[in-house]
Protein chains: 2
Amino acid sequence: MLDFAILGLLREQPRHGYELKRALGDLGFWQVSFGSLYPALRRLEKQGFIEAAKGEGRRKAYRVTEPGRIRFGEMLLESGDDSDRDFQLRLAFLGYVAPQSRLGVLEDRRTALQDRLHGARRSFRGARSGARNPDRYRMALMERRVRSTEADIAWLDELIAGERSAAAGA
Amino acid sequence: MLDFAILGLLREQPRHGYELKRALGDLGFWQVSFGSLYPALRRLEKQGFIEAAKGEGRRKAYRVTEPGRIRFGEMLLESGDDSDRDFQLRLAFLGYVAPQSRLGVLEDRRTALQDRLHGARRSFRGARSGARNPDRYRMALMERRVRSTEADIAWLDELIAGERSAAAGA
DNA sequence: CTCCGATGTATCGAATCGATATAACTATAT
DNA sequence: ATATAGTTATATCGATTCGATACATCGGAG
């Protein structure tokens, strides 16, 4: 997934390593480490998906190659798992997905969140009434999970609504 | 942190590997893999913090040793970073923290979340009005971050209020 | 009776993390 | 002028964690 993120960010503009780390961190949900980033850059370079040109000073400016662009396009369409980070990353690059496919991505995510919500509610209720008596803090964790999933679905529904009206308006 | 989680769960009752994975997953925020769990068990056993007794069938029932209990107590007090997962894990075992120290843990977390909220709001507003024009999806991600942090603080505040009244009532 | 999913332990390679090293540049304070 | 400290920048190391996979047993459904 880091490879995907790097290709996506470099697609927008050439960047050097340090700048990539900042850009990725600025997305808000992944503080990637240098120990991941630099090996990933070398990996991608060896595969021919990116290439380095020396920038000013010590900087190494990387840019995507044509095979890299193609690879990015493929990864964009691969069925995503339901990891939060993966979805957010995919969303960050949803602008590169064909407009008619975007709604599907969002709706798949909604289904996954709905499932999660059911599971969270079930364990919350089960803990409340069951034979086991979890302490206050475990209960709070379960409640947090229910609430944050609900909030996430609400946020996603707004995004879906916006997507629908964008599709209708276009 | 996995070591901490294992010691905490084994403190409650002896469990075998598969059961530990389930119990950890049931906490709701960490689906640990066997590739992490079994090496961790061997690590802890070698350090003398846990010991295995053969349970029924193939099962290996692990239980905490006295050094393990002490180690767990130490880890409980170590200053936590601001990782979400670390906090939730700490919260799951907050019942083992001395009652007069619990409020401090929660308030430290609140400070960290408040900082995060400021950062999230700053980048949200900056992106809205700045020279850069991020696409709809990036904006949505930033808004999500703001909202979920707000919701998390609200949830935490309820927990803190409950903690205060518990302290007063006792 | 057989197939299938859950239980259970285990390992492998790869990805990622967190800490650290190094060094130059920049601003601030003394 | 010159320490001091923080940011920029690339890089590597060991340890942790992940995801996939292997293998075997057990219980229930068809």
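Since the model is a prediction, treat every value here as computed from it, not as a measurement. So you know, we letter chains A, B, ... as the sequences are listed, proteins then strands, and number each from 1.
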* Asked: Given the rule in the side chain to side chain donor-acceptor pair (under 3.5 Å) test, do Glu19(A) and Tyr62(A) qualify, once you have shown the distances and angles that lead to the verdict?
  -> CA-CA 10 Å; Glu19(A) 204 178 352; Tyr62(A) 291 93; over 6 Å; no
* To do: Using the salt bridge (Lys or Arg N to Asp or Glu O under 4.0 Å) rule, take Glu107(B) and Arg164(B) through it: C-alpha gap first, then chi angles, then the decisive distance, then the call.
  => CA-CA 11 Å; Glu107(B) 281 165 347; Arg164(B) 281 195 215 282; 3.2 Å; yes
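Side-chain N/O atoms of Arg59(A) and base N/O atoms of dT10(D) include no donor-acceptor pair closer than 3.5 Å.
Across residues 10-28 of chain B, His16(B), Gly17(B), Tyr18(B), Arg22(B) each have a non-hydrogen atom less than 4.0 Å from an atom of DNA chain C (numbered order). If you check residues 33-48 of chain A against DNA chain C, the residues with a heavy atom closer than 4.0 Å are Ser33(A), Gly35(A), Ser36(A), Arg43(A), listed by number.
Rounded to an integer number of Å, the gap from Leu2(A) CG to dT16(C) P is 5 Å. The distance from atom CZ of Phe4(A) to atom P of dT16(C) is 13 Å, rounded to the nearest whole Å. In this structure, the CG atom of Asp3(A) is 9 Å from the C1' atom of dA15(C), given to the nearest Å. Protein atom CG of Leu89(B) is 11 Å distant from nucleotide atom P of dT17(D), rounded to whole Å. Rounded to whole Å, atom P of dC18(D) lies 6 Å from atom CZ of Arg85(B). Atom pair Lys54(B):NZ and dT9(C):P shows a separation of 15 Å (rounding to whole Å applied).
Side-chain atoms of Lys21(A) come within 3.5 Å of backbone N or O of Val32(A) as a donor-acceptor pair. Panel note: side chain Thr149(B), backbone Leu117(B); no donor-acceptor pair is recorded below 3.5 Å.
Residue Trp30(A) places at least one side-chain N or O under 4.0 Å from the OP1 or OP2 atom of dC17(C).
Using a 30° and 60° split on the angle between ring planes, Phe93(A) and Phe4(A) fall in the perpendicular class, above 60°.
Salt bridge annotation for Arg147(A)-Asp152(B): absent, with no cationic side-chain nitrogen under 4.0 angstrom from a carboxylate oxygen. Between Glu158(A) and Arg136(B) there is no salt bridge, since no side-chain nitrogen of the basic residue lies less than 4.0 Å from a carboxylate oxygen of the acidic one. Between Glu143(A) and Arg128(A) there is no salt bridge, since no side-chain nitrogen of the basic residue lies less than 4.0 Å from a carboxylate oxygen of the acidic one.
Between Ile6(B) and Phe72(B), the closest side-chain pair of non-hydrogen atoms is not below 4.5 Å.
Residue Val32(B) has its side chain nearest to dC18(D) when only dA24(C), dA24(D), dC18(D) are considered.
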